[in-house]
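Taking it in order: structure first as structure tokens, then the write-up.
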Amino acid sequence: MSFRPHHFSLPALLALAFFAFAIPQPASAQHSSATAPHVTVSLLVPPAQFAPGETFTAGLDFKMEEGWHVYWINAGDSGEPPSIKWTLPAGVTADAMQFPPPKRLPLGPLMDFGYEDDVVFPIPMHVAQDFRPAQPQATFAAHVTWLVCREVCIPGKADLALARTAWSKPAASPDVDAAAQNLIARFQSQLPKPLPATATATFAQNPKGFLLNVTTGSKQTSAQFFPLDETIIANAAPQPAQPTSNGVQLTLTKDENLQAPPQKLNGLLELPDGTAYEIHATPGVIAATTTAPPTVFTAILGAAGLAFIGGILLNLMPCVFPVLFIKGLSLVQSSQQERGKLRAHGWVYTLGILVSFWIVVAVLVILRAAGRQLGWGFQFQSPVFLALMAMLLFFLGLALAGQFEIGLSLTSAGGALAQKHGYAGSFFTGVLAMVVATPCTAPFMGAAIGYALAHPAWVSFAIFTALALGLALPYLALAYFPAWARILPKPGAWMEVLKQAVSIPIFATVIWLVWVFTQIAGTSALIGLLAAFLLLAVAGWFLGRWPGKTIATTIAALILIAAIGTSVWSVRALGMPSPAETAALASMIANGRIASSGAPSSQLPAPGSVWQPFTPALLQQSRAQGKPVFVDFTASWCLSCQVNERLILNRADVQQRLHESGAVLLRADWTNQDPDITQTLAALGRSGVPTYALYPADPAAPAKVLPEVLTPNIVMGALASLPSPPKSTAAMSLP
Amino acid sequence: MRHLPILTIAALCAALTLSAWAVKVGDPAPDFTATDSNGQTHKLSEYRGKFVVLEWTNNGCPYTRKHYTSGNMQNLQKEWTTKGVVWLTVLSSSPGAQGYMTASAENSYIQQVHASPTAALLDPSGALGHEYEARTTPDMYVIDPAGKLIYSGAIDDHPNDDPSDIPHSKNYVSAALTEAMSGQPIAIAYTRPYGCSVKYHGD
């Protein structure tokens with residue numbers, strides 16, 4: 001059987017078919033091999049004779065046409081492994097068929113595990129010590145069934161048999177079918193080995209699946225895991241491998257329908273050199289240095305791509321668009337400049353964004369290293385930062401509205417530094433773009449930043465760099481392609497109108513910042529901020545009334561300093577003293593019941609309030625009582641949170657369903673940093689708000705994290721997925 | 001002023017996450033609209049209030065044939081449709097692939113084998129199959145009257161093509177329907193489906 005079926009030409013195949021039909025074979029005839037469509041199956045029993053007490057290895061050989069395959073013991077998403085039923089001489093027993101390591105056989109969205117070309121399944125045979133040959137010839141008969149597939153599957157079966165001489169004593173010079181023995185030995189050598197005693201296999205579960213850590217004694221660059229259990233691993237998912245110092249770590253994706261965490265991960269691990277080990281991994285803690293998902297290049301590339309798209313989209317966000325608009329205006333002004341200079345300005349603007357993102361990520365990395373767990377948007381938890389941002393934009397708004405001119409260029413948005421013309425101006429406009437972009441934790445950014453924060457510093461830098469480049473791209477493109485710049489209208493009187501119009505979104509952003517500021521610092525501090533605004537207006541008047549006069553500019557600068565001082569002082573002296581009060585107010589705001597004024601006591605949530613403030617203890621306690629828990633992770637500076645709450649969570653029908661589901665509703669307010677909430681978010685794999693999590697009553701079941709942008713259907717669908725209370729199950733049944 | 005971009009991004013996100021939205025037992029079954037062999041459209045959400053069975057089929061597949069030549073599938077269809085269950089047979093084989101049927105061919109096949117599904121949905125593009133991530137023929141899904149997926153997987157516990165095993169097989173679909181109708185939890189809600197791979201377009 002050294003020929004390969006697929007070497008036949010079509011006429012040869014036809015001839016073979018002809019002979020197969022032309023020479024009828026009696027059913028009782030013994031054949032050690034059978035030719036079926038697309039596969040030839042042979043029984044291999046190498047020794048020509050056998051005697052009491054002997055053991056040897058038989059085999060079942062499948063030779064397939066090109067492209068056809070038979071299956072491993074776990075066939076994967078479809079298919080079925082071959083099987084064998086022996087009829088053996090009395091006193092001879094056969095072990096189970098042994099399966100060499102398979103290949104991954106992708107099939108569209110599916111993944112099968114099997115063999116192509118040629119495979120032999122070794123089968124150890126045992127002759128009993130008390131075996132007494134009844135007659136000189138004994139028959140090894142087997143009923144074999146299989147499924148052979150390419151695009152289509154063809155089941156087959158055959159009765160195969162071989163006659164062998166039975167001896168009462170082992171032969172002095174045994175006669176062996178060497179070809180068969182070598183063929184079996186070749187596949188026997190590939191069989192998975194038990195893991196050496198010194199080696200370990202452990203796994204840890206994460207939201208997406210498992211980290212499988214196997215120590216083999218030496219560093220492995222890659223490996224493949226074939227699960228023996230059929231419904232634990234998603235077969236088709238890639239298995240990114242991360243070399244460790246003495247083995248390898250694989251990231252496995254779990255079967256979507258996996259309900260309970262498995263006790264063991266059973267399967268085989270195949271190393272690049274072809275060695276295969278049987279794995280029975282037990283749950284364990286995987287060392288901290290390796291718990292981070294593998295920093296596989298493609299995964300990082302994917303996250304960076306996501307960050308890049310997120311960065312581009314940030315340009316559309318209202319907190320950035322004004323800046324882009326200002327840059328657009330400055331581009332109009334500089335249209336006459338030569339193109340090379342335009343490009344240089346674009347790059348400097350990009351550099352400004354890049355550098356400021358790098359600074360932020362550096363701070364993040366340092367703070368994270370210092371053990372402080374911070375998420376994106378954290379600057380907006382600082383009232384002083386908020387006040388300064390609001391003042392900066394208010395002052396800019398005054399200038400745009402026409403109260404005064406900041407030089408002749410509108411690029412100067414951010415104080416003295418950004419007032420500079422030329423490259424410094426471009427650079428600091430980039431910085432300003434980044435600063436105002438921060439609160440816009442768009443859905444894309446959530447994922448990318450979460451990814452970056454959970455990874456080594458260099459990965460964080462790569463992600464944030466991609467984000468920065470995305471943010472810079474529209475303006476850079478505008479600057480780089482002269483054709484696009486030419487589309488922009490010629491400078492003229494319309495520019496003044498446009499400039500004034502731009503002040504409208506700027507003032508709107510100021511309103512938002514003031515609103516956020518009030519949540520954090522309180523209404524008393526608000527007086528200070530508004531007073532600072534008045535001072536800014538006075539400073540602006542000085543600048544507008546006597547443009548370019550040194551005395552006026554000096555007075556304006558002094559007033560500016562006073563304004564900054566006023567706002568900082570008001571936060572310190574008049575800001576909300578107790579975080580509890582802040583939380584209470586913020587939760588009031590989030591509930592949509594803003595009290596316009598009144599004693600602090602009246603601002604506390606009513607006793608019947610559906611949303612209770614989040615604490616980890618309350619979460620645990622509610623689940624222990626058998627109640628599911630819906631947690632709304634929010635912050636008053638997070639606008640998408642407010643939108644979701646107002647438009648979706650507070651809708652009457654959604655509220656009704658939340659109530660019917662019996663879920664306890666908790667609101668985790670992250671307006672001020674709260675380590676408990678940060679940790680709970682981290683446990684969900686998130687680093688920012690909005691986050692919505694539905695915890696089933698069963699404390700062992702994982703929480704379901706809803707998308708960052710909610711719809712009523714998403715919320716109701718998630719609630720419907722909870723195990724139904726008995727009452728509703730009965731109502732659903734049909735007669 | 002912030003609503004507009006948020007909604008834009010919501011739409012973008014919805015488009016991106018749609019492909020990653022998994023079909024999970026216990027979750028709402030994804031809604032679909034499909035055309036049957038008589039040209040009628042069926043929308044899953046219109047069957048709220050009824051149990052729905054989805055059966056992926058390919059009449060050239062030996063595993064599907066196991067259940068049709070033995071009459072097992074026809075008996076199941078008859079038994080459960082008379083009890084008010086909506087039984088939808090789905091054909092996701094792409095044109096030219098094994099199991100692809102035109103509407104008229106499918107109708108005469110149904111007559112010929114005395115099958116009685118509520119409808120046979122023609123899904124040559126594989127859209128419905130991909131939405132449910134149907135892997136094999138047969139691959140079975142049971143949806144409860146609230147629209148929740150309560151069973152996904154094999155038709156029974158004998159993953160082979162031998163009809164002689166049917167009499168002593170545990171039929172998971174019947175078990176799930178029986179348990180759900182009597183208000184009991186589904187003991188086995190998810191199994192590995194067995195059979196031929198679904199012959200999707202481009203495979």
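Being a predicted model, the structure only gives us computed values, none of them experimental. Naming: A, B, ... by sequence-line order, numbering from 1 per chain.
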Answer with side chain, backbone, both or neither: which region of A:Leu710 has an atom nearer than 4.5 Å to a non-hydrogen atom of chain B?
-> neither
Would you call B:Asp157 and B:Lys170 a salt bridge, using N to O less than 4.0 angstrom?
-> no
Compute whether any side-chain donor of one residue and acceptor of the other, for B:Ser174 and B:Trp80, lie under 3.5 angstrom apart.
-> yes
Backbone N or O of B:Leu76 within a donor-acceptor pair of the B:Asn72 side chain at under 3.5 Å?
-> no
Per-residue contact mode, A:Ala718 against chain B (heavy atom under 4.5 angstrom) | neither
Bottom line for A:Asn713: the part with an atom under 4.5 Å from chain B's heavy atoms is neither
Assert top hit (heavy-atom pairs under 4.5 Å, partner chain B, pool A:Pro106, A:Ser83, A:Gly76, A:Cys149) equals A:Gly76
Nearest 0.5 Å, what's the CE-OG1 distance between B:Met73 and B:Thr89?
-> 7.5 Å
Charged N to carboxylate O under 4.0 angstrom, B:Asp31 versus B:Lys43?
-> yes
Are B:Tyr132 and B:Asp139 close enough that a side-chain donor and a side-chain acceptor fall under 3.5 Å?
-> no
Per-residue contact mode, B:Cys196 against chain A (heavy atom under 4.5 angstrom) = both
What part of B:Tyr190 lies closer than 4.5 angstrom to a heavy atom of chain A: side chain, backbone, both or neither?
-> side chain
Sort B:Thr137 into side chain, backbone, both or neither according to what part of it lies under 4.5 angstrom from a heavy atom of chain A.
-> neither
